[in-house]
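The shown structure was predicted, so the numbers you read here are calculated from the model rather than taken from an experiment.
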Amino acid sequence: MSEAVAIAPVTKSVHVACDIEHAFRVFTNEIGAWWPLDTHAIHAGDVREVVWEEREGGEVYEISNGGEKAHWATVLAWEPPVRAVIAWHVNPGAAAATEIEVCFTPEGGGTRVDVEHRGWERLGEQASAMRGAYDGGWDTVLGKYVAHLS
């Protein structure tokens with residue numbers, strides 16, 4: 001039996017001009033207001049709402065305009081306003097979930113938001129391609145988050 005080769009996580013950092021509590025709340029509870037739902041959703045262009053259940057064991061999911069629920073993630077750690085970790089399983093074709101940790105740190109009159117998306121090796125043959133797609137995808141997603149808070 002061979003062991004999976006570790007694949008470097010995708011790491012991104014942005015700075016937003018608001019306090020840590022607001023940065024955390026917008027990233028989680030208000031995700032549907034800034035996430036690029038036209039391109040980065042299971043029902044792309046047809047999402048009515050995104051729900052982030054604010055507790056360990058909670059779920060992150062979208063609801064389509066037709067009322068269909070589509071699972072994005074399970075909340076693994078819920079530590080407002082400094083940290084949230086989710087098991088990300090938004091790609092229906094993926095055999096396993098990856099993990100996303102988002103940390104919020106007061107910095108320079110605002111908040112630094114650090115994202116680490118890890119666990120790519122769990123995806124087997126899809127790992128390298130998916131990691132590459134998410135590396136650029138996080139730039140788009142975080143750009144929308146920063147713009148929303150500006």
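Under the 4.5 Å side-chain heavy-atom criterion for Ile, Leu, Val, Met, Phe, Trp and Tyr, Val10 and Val141 are members of the same hydrophobic cluster. Under the 4.5 Å side-chain heavy-atom criterion for ILVMFWY residues, a single connected hydrophobic cluster contains both Val26 and Ile86. Connection of Val85 to Val113 is not established within any shared hydrophobic cluster, with ILVMFWY side chains joined at heavy-atom distances below 4.5 Å, either directly or through further cluster members. Cluster annotation: Val47 is not connected to Val51 through the hydrophobic network of ILVMFWY side chains, with a link wherever side-chain heavy atoms come within less than 4.5 Å. Leu76 and Phe24 sit in two unconnected hydrophobic clusters of ILVMFWY residues. Membership requires side-chain heavy atoms under 4.5 Å apart, directly or through other members.
Residue pairs meeting the salt bridge (Lys or Arg N to Asp or Glu O under 4.0 Å) criterion with at least one partner in residues 139-150, sequence neighbours excluded, are Lys12-Asp139. Within the structure, every pair that satisfies the salt bridge (Lys or Arg N to Asp or Glu O under 4.0 Å) test and touches residues 19-28, not counting sequence neighbours, is listed here: Arg25-Glu30.
For Thr11, the side-chain contact (heavy atoms from CB on, under 4.5 Å) partners are Pro9, Glu116, not counting sequence neighbours. With sequence neighbours left out, Glu59 forms a side-chain contact (heavy atoms from CB on, under 4.5 Å) with Glu53, Tyr61, Lys69, His71. Residues passing the side-chain hydrogen bond (donor to acceptor under 3.5 Å, both in side chains) test with His43 are Glu62, sequence neighbours excluded. Every side-chain contact (heavy atoms from CB on, under 4.5 Å) that Ala23 has, sequence neighbours left out, goes to Val16, Cys18, Phe104, Thr111, Tyr145. Glu79 pairs by the salt bridge (charged side-chain N to carboxylate O under 4.0 Å, His left out) definition with Arg83, not counting sequence neighbours. For Glu107, the salt bridge (charged side-chain N to carboxylate O under 4.0 Å, His left out) criterion is met by Arg112, not counting sequence neighbours. The side-chain contact (heavy atoms from CB on, under 4.5 Å) check on Asn65 picks up Asp46, Arg48, with sequence neighbours excluded. For the side-chain hydrogen bond (donor to acceptor under 3.5 Å, both in side chains) test, no residue two or more places apart in sequence or in another chain qualifies with Trp35. Not a single side-chain hydrogen bond (donor to acceptor under 3.5 Å, both in side chains) links Thr39 to another residue, sequence neighbours left out. Take Glu54 and apply the side-chain hydrogen bond (donor to acceptor under 3.5 Å, both in side chains) test, not counting sequence neighbours, and it matches Asn29.
When atom types are taken as modelled, the side chain of Arg122 and the backbone of Ala97 share a donor-acceptor pair closer than 3.5 angstrom.
Side-chain polar atoms of Trp138 and His117 form a donor-acceptor pair below 3.5 angstrom.
Within the model, atoms NE2 of His15 and OG1 of Thr105 stand 10.0 Å from one another, a figure rounded to the nearest 0.5 Å. Atoms CG and OG, on Asp114 and Ser13 in that order, are 3.5 Å from each other to the nearest 0.5 Å. Note that CG of Leu37 is 12.0 Å distant from OG of Ser64, once rounded to the nearest 0.5 Å. Taken to the nearest 0.5 Å, the CE atom of Met130 stands 13.5 Å off from the CG atom of Asp135. Taking CD1 from Ile100 and CZ from Arg118, the interatomic distance works out to 10.0 Å, rounded to the nearest 0.5 Å. Summarising the geometry, atom OG belonging to Ser128 is positioned 10.5 Å from atom CD belonging to Glu121; distances are rounded to the nearest 0.5 Å.
Aromatic ring pairs are classed by plane angle as parallel below 30°, tilted from 30° to 60° and perpendicular above 60°; the pair Trp88 and Tyr134 is perpendicular.
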*Please report the C-alpha distance between Trp72 and Ile42 in whole Å, then the side-chain angles of each, then the deciding distance to 0.1 Å, and finally whether the side-chain contact (heavy atoms from CB on, under 4.5 Å) criterion is met.*
CA-CA 8 Å; Trp72 285 13; Ile42 295 170; 3.9 Å; yes
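Contact detail for Phe27 and Leu142: the closest heavy-atom pair is CE1-CD2, 4.0 Å. Closest approach of Thr98 and Gly119 over heavy atoms only: CG2-O, 3.8 Å.
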